[in-house]
Amino acid sequence: MRCVIARFPFDFVKSEVEQMMKGIAPEPVDGACVVIGRRTYPVKQVGQVITKQDRRDFTAGEVTRALTRLGFTCHPTAPVPARTSLQATSPLPLPGSLPQL
C-alpha cells in the first residue's frame, strides 16, 4: 500500500513491516504504540525502522495512519497490563495507584 510519511512516498506490505521489525527489541512505550506480532512497539520506533528516517522528520500520527491502513492494531497510549491473579487478591494497592494527599 502506498502511503506518505514526512512528505516521502513509501510502498508497504504488512508482511514486509513484520519482517523488518523481526528481531528488534521494543523500546519502552510512553505514547502511541502499535502491536506487531506479540510485541508492542512505540510508533516512532517502527517509523524509524521502516522509513530509515530520523524520528524528528515525521509525526506519530503519520505512522499510526499508515500502520492502521496496513491492518495493525494501534493504540493512542500504552495499554495497561492486566493484573495477575496474585495482584488481584492482594490487599495492597498497585504502585502508582496510591491516593494523592
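Index from 1, following the sequence.
A single hydrophobic cluster is seen to contain both M1 and V17, as judged by linkage of ILVMFWY side chains at heavy-atom distances under 4.5 Å, directly or through other members.
Checked against ring pair (Phe, Tyr, Trp, His ring centres under 6.0 Å), F8 has no partners two or more places apart in sequence or in another chain. With sequence neighbours left out, T68 forms a side chain to side chain contact (heavy atoms under 4.5 Å, CB included) with T64, C74. Remark: R2 pairs with D11 by the side chain to side chain donor-acceptor pair (under 3.5 Å) rule, at least two apart or across chains. R65 meets the side chain to side chain contact (heavy atoms under 4.5 Å, CB included) test with E62; sequence neighbours excluded. Take F72 and apply the ring pair (Phe, Tyr, Trp, His ring centres under 6.0 Å) test, not counting sequence neighbours, and it matches no residue. Evaluation of the side chain to side chain contact (heavy atoms under 4.5 Å, CB included) rule for M20 yields F12, E16, V49, I50 as partners, not counting sequence neighbours.
The main-chain N or O of K22 is never found under 3.5 Å from a side-chain atom of R39 such that the two would form a donor-acceptor pair. Without hydrogens or angle criteria, Y41 side chain to P28 main chain gives no donor-acceptor distance under 3.5 Å. Remark: side-chain polar atoms of E18 are not paired, donor with acceptor, to backbone N or O of G37 under 3.5 angstrom. At least one donor-acceptor pair closer than 3.5 Å links the side chain of K44 to the backbone N or O of R55.
Within the 4.5 Å cutoff, no side-chain heavy atoms of V29 are placed close to those of Q45.
Here the closest heavy-atom approach between residue V46 and residue V34 is recorded as CG2-CG1, 3.7 Å. Scanning all heavy atoms of the two residues, the minimum distance from V43 to V63 falls at O-CG1, 3.5 Å. Of all heavy-atom pairs spanning A6 and F58, the tightest one is CB-CB, 4.0 Å.
Note that CD1 of I36 and NZ of K14 are 9.5 Å apart. Values are rounded to the nearest 0.5 Å. The CD atom of Q48 sits 10.0 Å away from atom CD of Q53, with the distance rounded to the nearest 0.5 Å. In this structure, CG in D57 is found 8.0 Å from OG1 in T51, a value given to the nearest 0.5 Å.
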